[in-house]
Amino acid sequence: MIYLRGIKKRATANSDEYPFTVPLIKGLQELTFDNPLTIISGDNGSGKTTLMEILALKLQAIGINNSSFAQQKRNSVKNCENSFTLIRSLTAKRNFYFSAEEFIKYIDWIEEEKSQARKAIKEIDEEYKSSSYAAMLAKQPFLNTLMDLESLYASTLSERSHGEGYLDFFDSRLISGGLYLLDEPESALSYENQYALAVKIREAAKDNCQFIIATHSPII
């Protein structure tokens, strides 16, 4: 199934500013996606990630997180949003953007938030030794934060390798009829897990999913 058939740069899109200075974006007029599986490869700095960010922005794709890191990446291409037109055939049930770099930062963010909440709870216990009721009230926001984070599926991912966690996270987000943008997923994966991911992608494509993947991996 093909939901996104291409991206086209408007004729008026001429600029000496980023991202139009990136080789792939500078030379792009129209890029078509004629297959449920599209692989985009090229040297570092060629513009693969920039293209993926533009696609994610235009599709309003869900990302791994909304951290300042992720938002900064989106904002870096937001000035060119109106310079491109998407060519669609159908509407996907879900547009999702996967970045191995964002995934690793997502795990780090969860662990940091949990650590800060535990630290605050400990400090409150020390400060309100004479009043358990006051301590309970003061701790409640931090207890809620900790409970919310620990109830996330992703909270268990830090206990596994990045590769195992990435595959589990990927599985949990896959649905039939989805459009998925993957930016260098091999960054978090061993060769064995790259093969496992490739198998998952192939099977999902049979289940009416479309993938656009920027990668250096010969396995993927």
Side-chain angles (χ1 to χ4, degrees), residues 1-7 9 18-19 21-28 30-59 61-65 67 69-70 72-74 76-77 84 86-87 92 94-108 157 160-175 178-220:
M1 188 66 69
I2 302 175
Y3 304 99
L4 180 62
R5 293 211 168 264
I7 180 171
K9 186 164 66 176
Y18 180 87
T21 53
V22 175
L24 177 59
I25 306 305
K26 184 176 182 179
L28 176 69
E30 183 175 347
L31 180 63
T32 58
F33 308 116
D34 300 321
N35 193 290
L37 299 176
T38 299
I39 301 294
I40 300 171
S41 61
D43 292 337
N44 289 328
S46 61
K48 300 187 305 300
T49 293
T50 303
L51 174 63
M52 299 297 279
E53 292 288 347
I54 292 171
L55 289 174
L57 180 67
K58 294 292 293 181
L59 287 165
I62 300 168
I64 290 176
N65 68 9
S67 68
F69 170 77
Q72 182 180 4
K73 291 181 71 180
R74 302 296 177 277
S76 69
V77 296
F84 296 90
L86 297 184
I87 305 167
R94 168 182 291 172
N95 298 320
F96 208 106
Y97 176 57
F98 285 88
S99 163
E101 186 177 15
E102 287 187 15
F103 172 78
I104 293 170
K105 290 183 179 295
Y106 176 56
I107 298 301
D108 292 342
L157 299 181
R160 315 191 67 190
S161 72
H162 280 155
E164 291 173 328
Y166 189 92
L167 291 176
D168 286 350
F169 186 89
F170 184 82
D171 277 339
S172 73
R173 272 29 180 207
L174 275 180
I175 63 168
L179 169 57
Y180 297 94
L181 309 173
L182 276 61
D183 183 30
E184 299 187 4
E186 70 274 9
S187 300
L189 301 175
S190 65
Y191 286 123
E192 182 179 354
N193 282 331
Q194 287 178 43
Y195 178 78
L197 178 64
V199 171
K200 292 176 186 293
I201 291 170
R202 184 184 63 188
E203 294 305 308
K206 294 178 183 178
D207 195 21
N208 295 323
C209 290
Q210 180 182 1
F211 292 87
I212 301 172
I213 308 168
T215 181
H216 293 285
S217 170
I219 296 173
I220 295 176

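Only this structure's heavy atoms are used, side chains among them; waters, hydrogens and symmetry mates stay out.
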Glu203 and Lys200: salt bridge (Lys or Arg N to Asp or Glu O under 4.0 Å), yes or no, with the steps? CA-CA 5 Å; Glu203 294 305 308; Lys200 292 176 186 293; over 6 Å; no
Would Tyr97 and Leu59 count as a side chain to side chain contact (heavy atoms under 4.5 Å, CB included) if you check the C-alpha gap in whole Å, the side-chain angles of each, and the deciding distance to 0.1 Å? CA-CA 10 Å; Tyr97 176 57; Leu59 287 165; over 6 Å; no
Criterion side chain to side chain contact (heavy atoms under 4.5 Å, CB included) on Val199 and Arg202, from CA distance to verdict: CA-CA 5 Å; Val199 171; Arg202 184 184 63 188; 4.1 Å; yes
If you apply the rule side chain to side chain contact (heavy atoms under 4.5 Å, CB included), what do you find for Leu31 with Leu51, and how did you get there? CA-CA 10 Å; Leu31 180 63; Leu51 174 63; 3.7 Å; yes
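A distance of 11.5 Å separates CG in Leu28 from OG1 in Thr50, rounded to the nearest 0.5 Å. Here Ser41 contributes atom OG and Ile213 contributes atom CD1; the two are 11.5 Å apart, rounded to the nearest 0.5 Å. Here Asn95 contributes atom CG and Leu179 contributes atom CG; the two are 5.0 Å apart, rounded to the nearest 0.5 Å. In this structure, CG on Asp183 lies 12.0 Å from CD1 on Ile212, to the nearest 0.5 angstrom. Atom-to-atom distance recorded for Ile40:CD1 and Met52:CE is 6.0 Å, nearest 0.5 angstrom.
The side-chain contact (heavy atoms from CB on, under 4.5 Å) check on Ile175 picks up Lys93, Arg94, Tyr180, with sequence neighbours excluded. In this structure, the ring pair (Phe, Tyr, Trp, His ring centres under 6.0 Å) partners of Phe96, at least two apart in sequence or on a different chain, are Phe98.
In this structure, the side chains of Leu189 and Ile219 stay at 4.5 Å or more apart for every pair of heavy atoms. Residues Leu55 and Leu86 have side chains in contact (heavy-atom distance under 4.5 Å, counting atoms from C-beta outward).
Checked options Ile39, Ile201, Ile220; the residue passing with Leu182 is Ile201 (criterion: side chain to side chain contact (heavy atoms under 4.5 Å, CB included)). Partner of Thr215 under the side chain to side chain donor-acceptor pair (under 3.5 Å) criterion, out of Glu186, Lys48, Glu184: Glu186 alone.
Of all heavy-atom pairs between Phe84 and Ile25, the closest is CZ-CG2, 3.8 Å. Nearest heavy-atom pair, Val22 versus Tyr18, reported as atom, atom and distance to 0.1 Å: CG2-CE1, 3.5 Å. Taking both residues in full, the closest heavy atoms of Pro185 and Ala214 are given as CD-O, 3.8 Å, listed atom of the first, atom of the second, then distance. Pro36 and Cys209 make their closest contact through CB-O, 3.9 Å (heavy atoms, listed as atom of the first residue, atom of the second, distance). Taking every heavy atom of both residues into account, Ile2 and Asn35 meet most closely at CD1-N, 3.6 Å.
With hydrogens and angles ignored, the 3.5 Å screen pairs no side-chain donor or acceptor of Lys9 with any backbone N or O of Gly27. Under a 3.5 Å cut-off, the side chain of Glu30 and the backbone N or O of Gly6 do not form any donor-acceptor pair.
More than 12 non-hydrogen atoms from other residues, nucleotides or ligands lie less than 6.0 angstrom from CG of Asp171.
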